[in-house]
**Student:** 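Attaching a single structure in structure tokens format; questions to follow.
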Amino acid sequence: MKYTVAIVAIALLAIAVNGAPPAGQQEAQVVRYDSDVQPESYKFVVETSDGKSHQEEGQLKHVGTDHEAIAVRGFYTYLGDDGQTYTINYVADENGYQPEGAHLPRAVQ
């Protein structure tokens, strides 16, 4: 239950941060929205009319222990100001948020 509340809070925060579109731009419409929220997992897909998409799934790990945590995996795409489509694949778990994308710098090993 506490994870469902956290997911809803994050979604509302994302809506508030994005705000209204700049003058001269139309507001995007949601063209697809699917979600499945379970007690120990969730997944969703959102696509908008401006070409953005976001897919994510999360799974509760180590249920009932002191190490209980949620592991998240997903990706999102968007159309940049330069006309290119960008994709970010990510994992967020006990090792933090780990994004990857062809346009992002890579850590030197």
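Keep in mind the model is a prediction, meaning the values are calculated, not measured. Values below: all heavy atoms of this structure, side chains included; hydrogens, waters and symmetry mates excluded.
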**Student:** So Ile70 and Gln59, side chain to side chain contact (heavy atoms under 4.5 Å, CB included) or not? Walk me through it.
**Tutor:** CA-CA 6 Å; Ile70 192 162; Gln59 179 75 38; 5.9 Å; no

**Student:** Backbone N or O of Gly96 within a donor-acceptor pair of the Gln98 side chain at under 3.5 Å?
**Tutor:** yes

**Student:** Can you find a pair of side-chain heavy atoms, one from Ser53 and one from Val45, that are under 4.5 Å apart?
**Tutor:** no

**Student:** Please identify each residue that fulfils ring-ring contact (aromatic ring centres under 6.0 Å, His included) with Tyr78, with sequence neighbours left out.
**Tutor:** Tyr86

**Student:** What's the separation between atom CD in Glu57 and atom CZ in Arg73, rounded to the nearest 0.5 Å?
**Tutor:** 8.0 Å

**Student:** Evaluate whether atom NE2 of His67 has more than 12 neighbouring non-hydrogen atoms of other residues, nucleotides or ligands under 6.0 angstrom away.
**Tutor:** no

**Student:** For the hydrophobic clusters of this structure (ILVMFWY residues joined by side-chain heavy atoms under 4.5 Å, transitively), does one cluster hold both Leu104 and Val72?
**Tutor:** yes

**Student:** Can you name the side chain to side chain donor-acceptor pair (under 3.5 Å) partners of Asn95, sequence neighbours left out?
**Tutor:** none

**Student:** Name all residues meeting the side chain to side chain donor-acceptor pair (under 3.5 Å) criterion together with Thr85; count only those two or more places apart in sequence or in a different chain, and write none if there are none.
**Tutor:** none

**Student:** Can you see whether Glu56 engages Tyr42 through a side-chain donor-acceptor pair at a distance of less than 3.5 angstrom?
**Tutor:** yes

**Student:** Counting neighbours of CG on Asp66 that are heavy atoms of other residues, nucleotides or ligands and sit closer than 6.0 Å, is the number greater than 12?
**Tutor:** no

**Student:** Backbone N or O of Gly80 within a donor-acceptor pair of the Gln84 side chain at under 3.5 Å?
**Tutor:** no

**Student:** Between the main-chain N or O of Gln38 and the side-chain N or O of Ser41, is there a donor-acceptor pair closer than 3.5 Å?
**Tutor:** no

**Student:** Run the salt bridge (Lys or Arg N to Asp or Glu O under 4.0 Å) test against Asp93 and tell me which residues pass, sequence neighbours left out.
**Tutor:** none

**Student:** Is it true that Val31 and Phe44 fall in one hydrophobic cluster, defined by side-chain heavy atoms closer than 4.5 Å?
**Tutor:** no

**Student:** Between Phe75 and Tyr90, is the ring centroid distance below 6.0 Å?
**Tutor:** no

**Student:** Can you list everything that forms a salt bridge (Lys or Arg N to Asp or Glu O under 4.0 Å) with Glu47? Sequence neighbours excluded, please.
**Tutor:** Arg32

**Student:** With sequence neighbours left out, write down each residue that passes ring-ring contact (aromatic ring centres under 6.0 Å, His included) with Tyr33, or none if nothing qualifies.
**Tutor:** none

**Student:** Can you find a heavy atom in the side chain of Leu79 that is under 4.5 Å from one in the side chain of Asp50?
**Tutor:** no

**Student:** Of all the heavy-atom pairs spanning Thr77 and Gly51, show the shortest one and how long it is.
**Tutor:** OG1-O, 4.0 Å

**Student:** Just how far is it from atom CD of Glu100 to atom OG1 of Thr87, taken to the nearest 0.5 Å?
**Tutor:** 12.5 Å

